[in-house]
Amino acid sequence: MVKAYELRGLPKEELLKTLAENRKTLADLHVAKVTGGAASKIAKIKQVRKSIARVLTVHNQQQKEGIRKAAAGSKFVSKDLRVKTTGAMRRALTKEQRAQKTLKQKKKDTHFPMRRYAVKA
């Protein structure tokens, strides 16, 4: 079983080679399962599948990081690199937009300010 932190140091070619090896191992294990192989081989299928997932995860993270570096400083950010929020949150007004007042409300505020009362002690 390969740990993700060990995979992060490997170059792209090594990752792809590891991935190919794991996939071949998985295919062999599936054949062993069909032909009635040992229980230890059948139990190993889950470990190999998880290893493949780890390799793919690290590979995808490295690719995305490379794309981020290439796109750094550009005017637009591609959709897969943008911040993921809900559609409602993306469409919501910004703080500045929420704080804005209409012309009518501004006039009302200037002409009819909040009254100050002197409280008798």
Side-chain angles (χ1 to χ4, degrees):
M1 189 170 75
V2 187
K3 297 284 185 185
Y5 71 87
E6 295 167 357
L7 292 170
R8 288 188 207 290
L10 298 176
K12 182 182 174 183
E13 295 78 27
E14 285 281 325
L15 282 175
L16 294 176
K17 196 168 82 174
T18 310
L19 183 64
E21 289 171 8
N22 282 337
R23 284 189 169 152
K24 184 172 181 351
T25 309
L26 184 64
D28 294 342
L29 290 172
H30 280 305
V31 169
K33 181 181 174 185
V34 171
T35 56
S40 60
K41 282 194 171 187
I42 294 169
K44 198 176 174 193
I45 290 176
K46 184 177 177 182
Q47 288 179 339
V48 175
R49 285 179 60 228
K50 300 290 181 187
S51 294
I52 291 171
R54 279 189 197 94
V55 172
L56 284 172
T57 301
V58 171
H59 181 255
N60 289 335
Q61 285 174 344
Q62 286 179 352
Q63 271 189 324
K64 203 161 201 175
E65 195 57 41
I67 294 168
R68 276 188 205 284
K69 285 180 185 172
S74 63
K75 187 174 180 182
F76 299 108
V77 180
S78 65
K79 288 198 173 184
D80 59 333
L81 299 179
R82 290 180 193 166
V83 178
K84 306 288 184 283
T85 54
T86 62
M89 287 175 74
R90 286 193 302 270
R91 285 189 295 272
L93 295 175
T94 62
K95 286 181 183 177
E96 293 81 21
Q97 289 171 333
R98 260 186 273 142
Q100 282 181 341
K101 292 182 179 179
T102 61
L103 183 62
K104 186 175 182 177
Q105 187 63 45
K106 286 179 193 171
K107 286 180 181 177
K108 196 174 174 185
D109 290 344
T110 55
H111 295 302
F112 303 100
M114 184 73 103
R115 292 187 180 170
R116 296 185 201 93
Y117 295 99
V119 179
K120 203 171 189 178

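Source: prediction; values computed, not measured.
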For residues 51-61, the side-chain hydrogen bond (donor to acceptor under 3.5 Å, both in side chains) pairs (sequence neighbours left out) are R8-Q61
With ILVMFWY side chains joined below 4.5 Å, transitively, what does V83's cluster contain besides itself?
none
Which salt bridge (charged side-chain N to carboxylate O under 4.0 Å, His left out) pairs, counting each pair once, include a residue from residues 57-71, with sequence neighbours left out?
none
What's the shortest heavy-atom distance between L10 and E14, and which atoms?
CB-CB, 4.0 Å
Can you establish whether the number of heavy atoms outside K84 located under 6.0 Å from its atom NZ is more than 12?
yes
Got a sec, which pairs hit side-chain hydrogen bond (donor to acceptor under 3.5 Å, both in side chains) with one end in residues 107-121, sequence neighbours left out?
K101-D109, Q105-D109
What's the separation between atom OG1 in T94 and atom CD in Q97, rounded to the nearest 0.5 Å?
3.5 Å
NZ on K106 to OG1 on T102, rounded to 0.5 Å
8.0 Å
Could you identify which residues cluster with L81, counting Ile, Leu, Val, Met, Phe, Trp and Tyr as linked when any side-chain heavy atoms lie under 4.5 Å apart, either directly or through a chain of such contacts?
I67, V77
Would you list the atom pairs, donor with acceptor, under 3.5 Å between side chains in residues 19-35 and any protein atom, with sequence neighbours excluded?
from, atom 1, to, atom 2, distance (Å)
T25, OG1, E21, O, 2.8
T35, OG1, V31, O, 2.9
T35, OG1, A32, O, 3.2

Exercise: identify the closest heavy-atom pair between L15 and Q62
CD1-OE1, 3.2 Å
About how many Å separate CG of L56 and CG of L16, when rounded to the nearest 0.5 Å?
9.0 Å
